[in-house]
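See below for the structure under consideration.
Start at 1 and go down the list; that is how both ligands and their atoms are numbered.
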Amino acid sequence: MMRQVAGGILWVGLFVGICVAPLVFALIGTARAGQGFWTDFSVALGFVGLALLGIQFALVARVRSVSEPFGTDAVIQFHRQVGGVGLVFVLTHVALSAQWSELVRFDVSDTPARVWFGAAGASALLLLVASSLWRRRLRLSYEMWQRVHAALAVVAVLAAVTHVLLVSYYVDSLWKRALWMVMSAAFLGLLVWVRLLRPLRLRRRPWTVHRVVPERGTTTVLQLRPVGHPGLRFEPGQFAWFSIGRSPFHLTSHPFSFCSSAESEGQIAVAIKAAGDFTSTVRDVEPGTTVYVDGPHGVFSIDQYEGAGYCFLAGGVGVAPIVSMLGTLADRGDARPVVLFSAHGSWDSVPLRDEVEALTRRLDLRVVHVLNQPPPEWTGETGYISAEVLRRHLPSRYDRFQFFICGPNPMLDAMEDLLNQLGVPLDRIHTERFAWV
Ligand SMILES: Cc1cc2nc3c(=O)[nH]c(=O)nc-3n(C[C@H](O)[C@H](O)[C@H](O)COP(=O)(O)OP(=O)(O)OC[C@H]3O[C@@H](n4cnc5c(N)ncnc54)[C@H](O)[C@@H]3O)c2cc1C
């Protein structure tokens with residue numbers, strides 16, 4: 001925990017440092033006078049906006065030491081917010097610096113390159129944010145959006161850096177230009193690492209599909225074995241990025257949580273629900289298919305938070321990382337009390353139901369299934385998980401438990417509110433969101 005707090009402080013410090021670095025570069029050793037308050041202010045906004053954009057590459061580079069202190073979904077959330085703030089900075093910079101009175105005399109041949117590059121950078125950024133906010137409305141598939149997003153991000157940063165160098169006023173000396181080039185190279189270097197070096201490393205550690213097990217509903221379990229290497233160690237509840245039957249260089253890989261015990265060596269399993277183009281094809285995957293696994297990632301794990309007991313709240317296939325944590329507790333012979341609230345539509349759509357049932361015999365585990373389309377003979381809980389349902393089944397000392405929630409986003413939000421009502425402190429509530437964009 002201390003290591004994570006220290007890591008968090010370090011990254012926040014670095015973040016602030018990178019944001020203000022361009023301003024410091026501009027001020028240090030300049031022989032030129034300022035250009036008046038509004039121009040200088042506008043340039044400062046542009047510099048900070050550009051730094052914020054550069055940092056975005058680091059936030060999504062899946063660097064474990066960056067995401068560990070905060071959690072991957074918090075980093076993705078931050079990425080989204082920083083993108084919005086960066087856009088506001090850049091647009092304000094454009095609004096304050098553009099010579100609006102000259103617009104009526106606009107002539108393409110007369111417009112200097114620095115203006116074209118500035119406009120290209122700002123337009124790419126605007127498109128990037130708009131396509132992220134309205135991806136579904138624009139009917140962009142997730143994979144297409146990822147390609148567009150990556151391409152626009154590179155265009156925005158390259159065009160903006162070229163604009164800075166062409167304007168030149170605040171980066172007039174050789175060393176300032178060199179510093180700008182180094183900063184830009186660092187961000188592009190990240191891209192090379194993510195798209196080239198890491199896939200090369202993954203290619204040396206392939207996995208193979210050992211078994212394909214159809215589950216209830218539209219879920220399929222894939223059991224994977226390492227080929228020519230010992231496999232990987234993970235914490236129960238963590239996830240990895242999987243390229244199934246695809247090259248590790250493919251632009252898109254998919255995140256899935258491990259559903260197997262962290263104590264079972266040499267084999268991993270994932271439970272995948274058919275939710276879209278790619279996941280609908282998983283049931284047809286052949287044993288022997290090659291898989292590349294980039295992980296483990298995430299901090300949604302009992303190994304991160306010590307408690308007198310655990311309460312898990314699962315919705316649909318959100319039960320997958322929870323089954324991994326339950327299986328690990330059982331393999332470790334853990335005797336602490338555990339309660340699982342498992343919310344589903346129908347009884348026949350509950351994924352990993354048999355695994356959970358088997359684990360009740362190996363753990364001090366109470367399972368509460370909550371169905372919103374119960375069969376006629378159902379005597380258990382119905383509807384959605386409510387405060388009453390929680391009160392009915394939680395042991396009296398639940399205030400000493402750690403709480404883990406995984407499921408669809410609306411369920412996560414509702415469960416966080418319910419636990420708040422029950423007086424569970426925020427630092428005991430841990431969530432994993434399966435839908436980021
Ligand atoms: C940390 C994490 C763990 C997950 N664990 C599981 C799991 O154990 N089992 C399971 O069934 N699902 C899990 N998911 C969800 C799973 O990744 C998506 O359902 C799957 O990628 C959908 O892909 P698709 O092409 O079939 O669907 P699409 O129709 O292309 O997309 C459906 C939705 O899935 C999400 N998605 C699609 N592709 C990606 C991607 N490459 N990266 C991130 N999100 C994507 C988007 O929100 C998208 O709107 C997890 C997601 C995250 C973020």
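- Using a 4.0 Å cutoff on heavy atoms, W241 counts as a contact of ligand 1.
- At least one heavy atom of R135 sits less than 4.0 Å from an atom of ligand 1.
- Where the criterion is an N or O separation shorter than 3.5 Å, residue side chain and backbone included, S257 meets it with respect to ligand 1.
- Within the structure, ring-ring contact (aromatic ring centres under 6.0 Å, His included) contacts touching residues 60-98 (residues at least two apart or in different chains) are F15-F78.
- Residue contacts with ligand 1 for V317 involve side-chain atoms from C-beta outward but no N, CA, C or O (heavy atoms, distance under 4.0 Å).
- At least one heavy atom of A271 sits less than 4.0 Å from an atom of ligand 1.
- With respect to R233 and E265, a salt bridge is recorded, a charged nitrogen being found less than 4.0 Å from a carboxylate O.
- Between I272 and ligand 1 there is a heavy-atom distance shorter than 4.0 Å.
- Looking at K273 next to ligand 1, an N or O pair under 3.5 Å apart turns up.
- Proximity of D73 to ligand 1, defined as any heavy-atom pair under 4.0 Å, is not found for any part of the residue.
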*salt bridge (charged side-chain N to carboxylate O under 4.0 Å, His left out) between D334 and R332, intermediate numbers included*: CA-CA 5 Å; D334 203 293; R332 290 175 184 168; over 6 Å; no
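- Side-chain contact, E381 with H393: a donor N or O sits under 3.5 Å from an acceptor N or O.
- Within the structure, ligand 1 lacks P321 among the residues with a heavy atom less than 4.0 angstrom away.
- Taking distance alone, with nitrogen or oxygen atoms compared against 3.5 Å, H254 approaches ligand 1 more closely than that limit.
- Relative ring orientation between F404 and Y310 is described as tilted, the plane-to-plane angle lying within the 30° to 60° band.
- The proximity of F256 to ligand 1, defined as any non-hydrogen pair under 4.0 Å, involves the side chain as well as the backbone.
- The atoms of ligand 1 that sit less than 4.0 Å from any heavy atom of T252 are 41 (N).
- A donor atom on one side chain and an acceptor atom on the other are found under 3.5 Å apart for T220 and R283.
- Atoms of ligand 1 found under 4.0 Å from any heavy atom of R433, numbered from 1 in the order shown, are 52 (C), 53 (C).
- Counting atoms of ligand 1 from 1 in the listed order, those under 4.0 Å from a heavy atom of S253 are 40 (C), 41 (N).
- Selection from N409, T219, V323, T279 by nearest heavy atom to atom 22 (C) of ligand 1 gives T279.
- The ring-ring contact (aromatic ring centres under 6.0 Å, His included) analysis of residues 346-373, with sequence neighbours excluded, yields the pairs W347-H369, W347-W378.
- Under 3.5 Å, the side chains of T252 and H254 contain no donor-acceptor pair of N or O atoms.
- The closest approach between any non-hydrogen atom of H297 and ligand 1 is not below 4.0 Å.
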*Check the pair S342 / H344 against side chain to side chain donor-acceptor pair (under 3.5 Å), numbers first and verdict last.*
CA-CA 7 Å; S342 193; H344 301 276; 2.7 Å; yes
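- For the pair R62 and W241, the cation sits on the ring face: its NZ or CZ lies under 6.0 Å from the ring centre, inside 45° of the axis.
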